[in-house]
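To start, the structure itself, in structure tokens.
Excluded from the calculations below are hydrogen atoms, water molecules and symmetry mates; all remaining heavy atoms, backbone and side chain alike, are included.
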Amino acid sequence: MGKKGMARFQDKVAVVTGAGRGIGKAIARAFAAEGAKVAVISRSEGSCQGAADEINAEFPSSCVAYALDVADYDAVQAAGKQILADLGGVNILVNNAGVTRDGLLMRMKDSDWDTVLDTNLKGAFNTVKAFQRNLMKAQDPRIINLASVIGLIGNAGQANYAASKAGLIGFTKSVAKELSGRKVCCNAIAPGFITTDMTGELDEKVRESILGNIPLKEFGQTQDIANLTLFLASAEARYITGQVVACDGGMTM
């Protein structure tokens, strides 16, 4: 990448949750590649440290790992203070942490509902609460929430996940309105089916059925989501807020 690309997020700090693998890790790496300092957050010490070490091997001293359960309000507030002390502030918050506990509603345990809502939706509330005051004073402040096409169209067997992602979309629009006076842009990305560990477990018939509903006839790549995240975090996206951008190969059009 040329010097111009490297400078796009020079001296900026990005906080990325759920960054131990998959989409979150690709987003953390993309910010590091363009000069940002990145707080790499995931629930497991092994996954966030492993991701940070891997990215630091390529882009030295770019990442710092923080093991954190975003569903734990008090822990997130404490970690937020630590991150601000360690990295000197934050310009970009990416809420990517998410879990699934799929099952038909008739058989779904209330604990499966709570786990998904607490991580996917309350987790974003917790991190915004931790960083909003700092973001309101930052240069080019951005909040980017990773929703899902399932939050737009629903899916049998994913009532909890769909509710959490639809809630995240409403949360995004409300935060965008509340923080607009301080020029904090808040947007959501709704990924479609992206090639990750989870989609790799789908059997061939299910894969073919899904591809039949995607006009571009292929799954997306984690880099597709990372590229869109970088754009929404950049100065070029200064006039975009409160939007939901689907990156889904045309699935929801």
Side-chain angles (χ1 to χ4, degrees), residues 1 4-19 22-41 62 70 89-98 120-121 123-125 127-128 131-132 134-152 165-192 194 220-253:
M1 193 170 291
K4 186 177 179 184
M6 288 293 287
R8 187 155 57 147
F9 295 101
Q10 201 72 42
D11 303 320
K12 298 280 180 71
V13 174
V15 174
V16 184
T17 71
I23 290 171
K25 183 176 170 184
I27 290 170
R29 184 192 173 279
F31 276 117
E34 297 214 23
K37 196 84 170 172
V38 186
V40 174
I41 295 174
S62 60
V70 296
V90 62
N91 305 88
I92 301 148
L93 170 61
V94 181
N95 284 308
N96 170 70
N120 299 7
L121 183 54
F125 166 81
T127 58
V128 171
F131 295 111
Q132 65 180 355
N134 192 268
L135 283 164
M136 287 162 71
K137 301 174 195 167
Q139 181 184 17
D140 299 328
R142 303 283 188 268
I143 299 170
I144 299 161
N145 297 320
L146 272 290
S148 169
V149 293
I150 303 305
L152 296 171
K165 294 302 189 177
L168 194 57
I169 289 168
F171 178 71
T172 297
K173 292 175 180 290
S174 297
V175 170
K177 288 187 174 180
E178 286 194 24
L179 301 187
S180 60
R182 296 300 185 93
K183 307 298 185 189
V184 180
C185 294
C186 181
N187 294 289
I189 294 172
I194 307 299
Q221 302 298 318
T222 55
Q223 193 60 43
D224 295 322
I225 307 302
N227 291 341
L228 179 53
T229 304
L230 290 188
F231 170 69
L232 289 174
S234 72
E236 287 92 337
R238 57 169 287 278
Y239 204 55
I240 302 171
T241 195
Q243 302 305 304
V244 185
V245 185
C247 187
D248 64 358
M251 185 179 163
T252 56
M253 69 176 169

Can any side-chain N or O of N91 pair as donor or acceptor with the backbone N or O of A138 at less than 3.5 Å?
no
Only counting residues at least two apart or in another chain, list the ones meeting side chain to side chain donor-acceptor pair (under 3.5 Å) with N95.
T127, N145
Check against side-chain contact (heavy atoms from CB on, under 4.5 Å), K37 and S62
CA-CA 5 Å; K37 196 84 170 172; S62 60; 5.8 Å; no
Spatial distance of atom CD1 (I189) from atom OG (S148) [nearest 0.5 Å]
12.0 Å
Which heavy atom in G22 sits nearest to a heavy atom in T222, and how many Å separate them?
C-CG2, 3.8 Å
Shortest non-hydrogen contact from N120 toward G98:
OD1-CA, 3.1 Å
Interatomic distance, CD1@I150 vs CG@L152, rounded to 0.5 Å, equals 9.0 Å
OG1 on T229 to CD1 on I27, rounded to 0.5 Å
3.5 Å
Taking side chain to side chain donor-acceptor pair (under 3.5 Å) as the definition, give me every residue that meets it alongside Q223, ordered by chain and number, with sequence neighbours left out.
N227
Separation between NZ (K165) and CZ (F171), nearest 0.5 Å, reads 12.5 Å
Output all residues satisfying salt bridge (Lys or Arg N to Asp or Glu O under 4.0 Å) with D11, sequence neighbours left out; order by chain, then residue number.
none
Do I143 and F131 make a side-chain contact, defined as non-hydrogen atoms from C-beta onward lying under 4.5 Å apart?
no
I'd like to know if the side chain of N187 reaches the main chain of G242, judged simply by a donor and an acceptor atom lying under 3.5 Å from each other, with no hydrogens or angles considered.
yes
Using a 3.5 Å distance criterion without hydrogens, assess whether the side chain of N96 forms a donor-acceptor pair with backbone atoms of L146.
no
Could you tell me which non-hydrogen atom of L135 sits nearest to which non-hydrogen atom of I92, and how far apart they are?
CD2-N, 4.1 Å
Might you work through the side-chain contact (heavy atoms from CB on, under 4.5 Å) test for I144 and L93, ending with a clear yes or no?
CA-CA 6 Å; I144 299 161; L93 170 61; over 6 Å; no
Heavy-atom pair with the smallest gap, counting every atom of A233 and F9
O-CE2, 3.5 Å
When rounded to the nearest 0.5 angstrom, what distance separates CD in Q243 from CD1 in I169?
11.5 Å
May I ask you to decide if A97's main-chain N or O and T17's side chain share a donor-acceptor pair within less than 3.5 Å?
yes
At their closest point, which heavy atom of P191 faces which heavy atom of I225, and how far apart are they?
CB-CD1, 3.7 Å
R142 side chain to S234 main-chain N or O, any donor-acceptor pair under 3.5 Å?
yes
All salt bridge (Lys or Arg N to Asp or Glu O under 4.0 Å) counterparts of R29, not counting sequence neighbours
E58
Might you work through the side-chain contact (heavy atoms from CB on, under 4.5 Å) test for Q221 and I194, ending with a clear yes or no?
CA-CA 5 Å; Q221 302 298 318; I194 307 299; 5.6 Å; no
In Å, rounded to the nearest 0.5 Å, how long is the span from SG of C247 to CG of D224?
5.0 Å
Enumerate, atom names and distances included, each donor-acceptor pair closer than 3.5 Å involving a side-chain atom of residues 179-186, sequence neighbours excluded.
| unit_1 | atom_1 | unit_2 | atom_2 | d |
| --- | --- | --- | --- | --- |
| S180 | OG | K177 | O | 3.0 |

Which residues pass the salt bridge (Lys or Arg N to Asp or Glu O under 4.0 Å) test with K25, not counting sequence neighbours?
E54
salt_bridge(D140, K12) N-O dist < 4.0 Å
yes
Closest heavy-atom pair, V244 versus A190, reported as atoms and distance to 0.1 Å, is CG1-CB, 4.1 Å
